[in-house]
Amino acid sequence: MRFEILGKARRALFPVLCAAALLPACASKETQEIPDGMAVTVTLREVHRCSRISPEIQVAQIPGSTDYYDVRLVEFTSDGQDLFLGGGEWNNDGTGIIPEGGLTRHYRGPCPPAGQARDYAFVVSAMSRQSIQPLSVRLFRFTQE
């Protein structure tokens, strides 16, 4: 019983916390930018659908002490569960580009059932090796059919 209450609270609070902390955006091919903060652009193409090939991700306005990026793809389901579809880490080489196919941690691209739209998000965190706390986090939210 206690775990059911905690599970329901987590399902109810997670979307609210993401919305408040990460400022979700709308489109899948636009730069989602926060004034005076990190900006993320994801270029999704048909080859990324139901694929292990991750899209190119461009990150701008990166915090100065960023050593690497932690990227995760999640699917938001209708029952309130968030499915982790994989991701990976990419060392910051100064270009702000995570190349196509660069995410390798059990990555599986968005793959909604035929005729059904699903909501997804790339969660991009700028990280320092000096701390486990992200320097900046951006959510790139999109819907795919």
Side-chain angles (χ1 to χ4, degrees), residues 3-4 6-63 65-129 131-145:
F3 293 110
E4 287 180 32
L6 290 174
K8 288 178 183 177
R10 184 193 64 82
R11 283 191 295 255
L13 290 176
F14 183 76
V16 172
L17 290 174
C18 282
L22 304 175
L23 299 171
C26 317
S28 65
K29 292 188 180 180
E30 296 179 7
T31 299
Q32 297 177 4
E33 185 175 335
I34 309 304
D36 299 324
M38 192 167 76
V40 174
T41 302
V42 178
T43 306
L44 289 166
R45 299 183 299 129
E46 191 60 33
V47 69
H48 303 125
R49 182 182 180 84
C50 303
S51 170
R52 297 217 177 267
I53 301 170
S54 60
E56 179 180 283
I57 300 172
Q58 296 178 3
V59 187
Q61 298 170 278
I62 306 159
S65 56
T66 300
D67 293 320
Y68 67 98
Y69 307 102
D70 180 77
V71 182
R72 298 162 190 242
L73 175 63
V74 295
E75 177 183 345
F76 303 110
T77 63
S78 59
D79 63 1
Q81 297 293 318
D82 304 324
L83 301 176
F84 173 67
L85 300 178
E89 292 180 356
W90 190 261
N91 286 329
N92 178 16
D93 61 2
T95 65
I97 296 175
I98 302 168
E100 184 176 62
L103 304 179
T104 58
R105 189 173 45 200
H106 308 290
Y107 180 83
R108 179 175 50 109
C111 195
Q116 296 182 21
R118 296 285 170 92
D119 293 321
Y120 299 91
F122 280 98
V123 181
V124 180
S125 303
M127 305 294 294
S128 168
R129 298 203 195 291
S131 173
I132 60 172
Q133 183 71 25
L135 302 170
S136 184
V137 178
R138 289 296 175 259
L139 184 75
F140 185 93
R141 193 167 181 151
F142 63 99
T143 301
Q144 189 158 17
E145 227 176 271

CZ (Arg52) and CG (Leu85) are apart, to the nearest 0.5 Å, by 10.0 Å

For Arg138 and Gly37, work out which heavy atoms get closest and say how close. NH2-CA, 3.7 Å

Nearest heavy-atom contact between Glu145 and Arg49 is O-NH1, 2.5 Å

Can you name the residues that form a side-chain hydrogen bond (donor to acceptor under 3.5 Å, both in side chains) with Asp119, not counting sequence neighbours? Thr143

Evaluate the side-chain contact (heavy atoms from CB on, under 4.5 Å) criterion for residues Tyr120 and Leu73: first the C-alpha distance (whole Å), next the side-chain angles of each, then the deciding distance (0.1 Å), finally the verdict. CA-CA 7 Å; Tyr120 299 91; Leu73 175 63; 4.2 Å; yes

Search all heavy atoms of Ala121 against all heavy atoms of Phe76 and return the closest pair with its distance. CB-CE1, 3.6 Å

Can you find a heavy atom in the side chain of Asp67 that is under 4.5 Å from one in the side chain of Asn92? no

With side-chain contact (heavy atoms from CB on, under 4.5 Å) as the criterion, how do Glu100 and Val47 come out once you've worked through the C-alpha distance, each side chain's angles and the decisive distance to 0.1 Å? CA-CA 10 Å; Glu100 184 176 62; Val47 69; 4.1 Å; yes

Can you check whether Arg45 reaches Pro55 side chain to side chain, under 4.5 Å on heavy atoms? no

Rounded to the nearest 0.5 Å, how far apart are CE of Met127 and CD1 of Ile132? 7.5 Å

Of all heavy-atom pairs linking Gln116 and Arg118, the shortest is OE1-NH2, 2.9 Å

Mind checking the CD-OG spacing from Gln133 to Ser128? Nearest 0.5 Å is all I need. 11.0 Å

To the nearest 0.5 Å, what is the distance between CD (Glu89) and CD1 (Ile98)? 10.5 Å

Find out whether Leu135 and Ser65 are in side-chain contact, i.e. whether some heavy atom of one side chain is under 4.5 Å from a heavy atom of the other. yes

What's the shortest heavy-atom distance between Ser54 and Pro99, and which atoms? OG-O, 4.3 Å

Residues in ring-ring contact (aromatic ring centres under 6.0 Å, His included) with Tyr69, at least two apart? none

Apply ring-ring contact (aromatic ring centres under 6.0 Å, His included) to Tyr107 and list each qualifying residue two or more places apart in sequence or on a separate chain. none

Give a yes or no on whether Arg108 atom CZ has more than 12 heavy-atom contacts from other residues, nucleotides or ligands under 6.0 Å away. no

State, with a plain yes or no, whether a side-chain heavy atom of Leu103 is found less than 4.5 Å away from one of Ile57. yes

Could you please spell out the steps behind the side-chain contact (heavy atoms from CB on, under 4.5 Å) verdict for Val124 and Val42? CA-CA 11 Å; Val124 180; Val42 178; 5.8 Å; no

Return the SG to CD distance between Cys111 and Glu75, rounded to the nearest 0.5 Å. 9.0 Å

Run the side-chain contact (heavy atoms from CB on, under 4.5 Å) check on Leu44 and Phe122 step by step: do they pass? CA-CA 11 Å; Leu44 289 166; Phe122 280 98; 4.2 Å; yes

